[in-house]
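Okay, so here's the structure we're looking at.
Remember, predicted model here, so these are calculated numbers, not experimental data.
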Amino acid sequence: MILIRNFLAFKRYEDIIKFTEHTEKKLRLNPNYGYIAQDISFWTGYSYFIFNDKTNALRYFEKTIASIPDTYFALYSQSYLRELIQDFGIDFNNYTKKLSDKYQQSTDFNEKVFYARLLFGLEDGWKKEYWKNETVAIMKKYFPETFFDFDDNAFKKVKEDWNAYLKFLVYVRFNMIEKAEALLYDMNINEKNVRSLLILKEILKYKNFTLARKYYDILGETGFIFENFAFFSKDLQFILYPIPYETEINVALSKISSTQLDKYLVYAVIRGESMYISKSRSRAGARGLMQLMPSTARLINRRIKVSEKYDLYNPLDNIIIGTTYLNDVIEAHGLLKGLAFYNGGVKPVSKLNKYFDPANEI
């Protein structure tokens, strides 16, 4: 990925294509449905698009969507893909029908999963739900231990022994986490991720986000969770991406006169910046949930006048000031550059523009 990004910075699109295809051959991946890292497949598709090789561009955008259907790389790929099939003179419904036929006819596990995930990423409404169910069914068939619907098996197993379950609740409540881990292991819950999720769900009830962070770090290292998040049950999704501070976020958004800001983007910034820990402080001195520098907060507060004695460790004050600033930079610079400004300030974005003159926002 470092190599690809360096090629991208200097617009060496032919080298992106060359090295990606070389790597795929070395890994013996199927050229149509075998894929490597999503960002690499996206930039390879983009490079083919630059050279007007529409067939290969379409192939790599399909791979990008199928690998992880719910990221911004997948969303951009959908946009390019629709443009390409329009150029080919293909009706979108006919295109998805052909993909569906390939899915039905295939007997290869990897190929079936590829087309199910791709169609999930492309379709809407009941069709999207259908392809979600198909993907989960195939994965469960070949990997029975794989979890997608957290509550249905994991908690049943724990609750079968009521005394052990009560002990587990007490251990978590009073931060005796090692004992909780050992108890789950003794109950033959051997999958570490499942143990982590069971503990994390209980931790969240007490809003102990400092302790929860350890488990988010553990689970964040798991490729399976990142790649399959879109296919998890709602219960499992809300364990991994909870939505605390909802009242504070709604109040903050109500104070901005004109905004297109999605409240779930605010949650994403909070999760990324502080992992929901209201007393968080960075080495650089950024504070609170949305990791605001005191100088930035002072400038924003002069305009919106939250309070003369605002407290950046107070969730409401922090979210009001942080959401206002987030809205400002996105309105001024667009979504991706706005997020870059929010996270790193003016210098990194200015340097990027000066030295590399990027072709577009992404």
- Message: Counting neighbours of NZ on Lys128 that are heavy atoms of other residues, nucleotides or ligands and sit closer than 6.0 Å, is the number greater than 12?
- Response: yes
- Can you pull the ring-ring contact (aromatic ring centres under 6.0 Å, His included) pairs that have at least one residue in residues 18-38, sequence neighbours excluded? Phe7-Phe19
- Message: If the threshold is 4.0 Å, N to carboxylate O, is there a salt bridge linking Glu62 and Arg59?
- Response: no
- Query: Should Leu27 and Ile17 be regarded as members of a common hydrophobic cluster, given that ILVMFWY residues are connected when their side-chain heavy atoms come within less than 4.5 Å of each other, either directly or indirectly?
  - Reply: yes
- Query: Is the centre of the Phe143 ring less than 6.0 Å from the centre of the Phe109 ring?
  - Reply: yes
- Item | More than 12 heavy atoms from other groups under 6.0 Å of CD on Gln86 | no
- Do Glu21 and Lys26 sit within salt-bridge range, that is, some charged N less than 4.0 Å from a carboxylate O? no
- Message: Within 45 degrees of the ring normal and closer than 6.0 Å to the centroid, is that where the cationic atom of Lys63 sits relative to Tyr60?
- Response: yes
- Pairing of Asp311 and Arg287 as salt bridge, 4.0 angstrom limit: no
- Give every residue pair that meets the ring-ring contact (aromatic ring centres under 6.0 Å, His included) criterion with at least one member in residues 312-332, sequence neighbours excluded. Tyr325-Tyr342
- Item | Atom pair CD1/CG of Ile189 and Leu198 - distance to nearest 0.5 Å | 5.0 Å
- Message: A side-chain contact here means heavy atoms from C-beta on lying under 4.5 Å apart; do Phe42 and Ser77 qualify?
- Response: yes
- Distance in Å, Arg298 CZ paired with Arg303 CZ, rounded so as to fall on 0.5 Å steps: 16.0 Å
- Task: May I have the step-by-step check of salt bridge (charged side-chain N to carboxylate O under 4.0 Å, His left out) for Arg173 and Glu202, ending in yes or no?
- Result: CA-CA 8 Å; Arg173 177 68 183 92; Glu202 288 304 312; over 6 Å; no
- Close side-chain approach of Leu236 and Phe147, heavy atoms under 4.5 Å: yes
- Query: Is the backbone of Ser307 close enough, under 3.5 Å, to the side chain of Asn301 for a donor and an acceptor to pair up by distance?
  - Reply: yes
- Message: With a 6.0 Å cut-off on the ring centroids, do Tyr267 and Tyr241 count as close?
- Response: no
- Query: Are the aromatic rings of Phe356 and Phe10 close, with centres under 6.0 Å apart?
  - Reply: yes
- Nearest atoms (heavy-atom pairs only) where Phe114 meets Asn32: CZ-O, 3.7 Å
- Proximity of Trp43 and Tyr13 rings by center, below 6.0 Å: no
- Message: Quick check on the hydrophobic clustering: are Leu8 and Tyr355 connected, directly or via other members, by side-chain heavy-atom contacts under 4.5 Å?
- Response: no
- Query: Are the aromatic ring centres of Phe209 and Tyr276 under 6.0 angstrom apart?
  - Reply: yes
- Item | Electrostatic pair Lys337:Glu361 at N-O distance under 4.0 angstrom | no
- Item | Pair Leu122-Phe92, side chain to side chain contact (heavy atoms under 4.5 Å, CB included): steps then yes or no | CA-CA 10 Å; Leu122 293 171; Phe92 183 75; 4.1 Å; yes
- Begin from the C-alpha positions of Asp108 and Lys112 and carry the test salt bridge (charged side-chain N to carboxylate O under 4.0 Å, His left out) through to its verdict. CA-CA 6 Å; Asp108 178 87; Lys112 282 189 87 72; over 6 Å; no
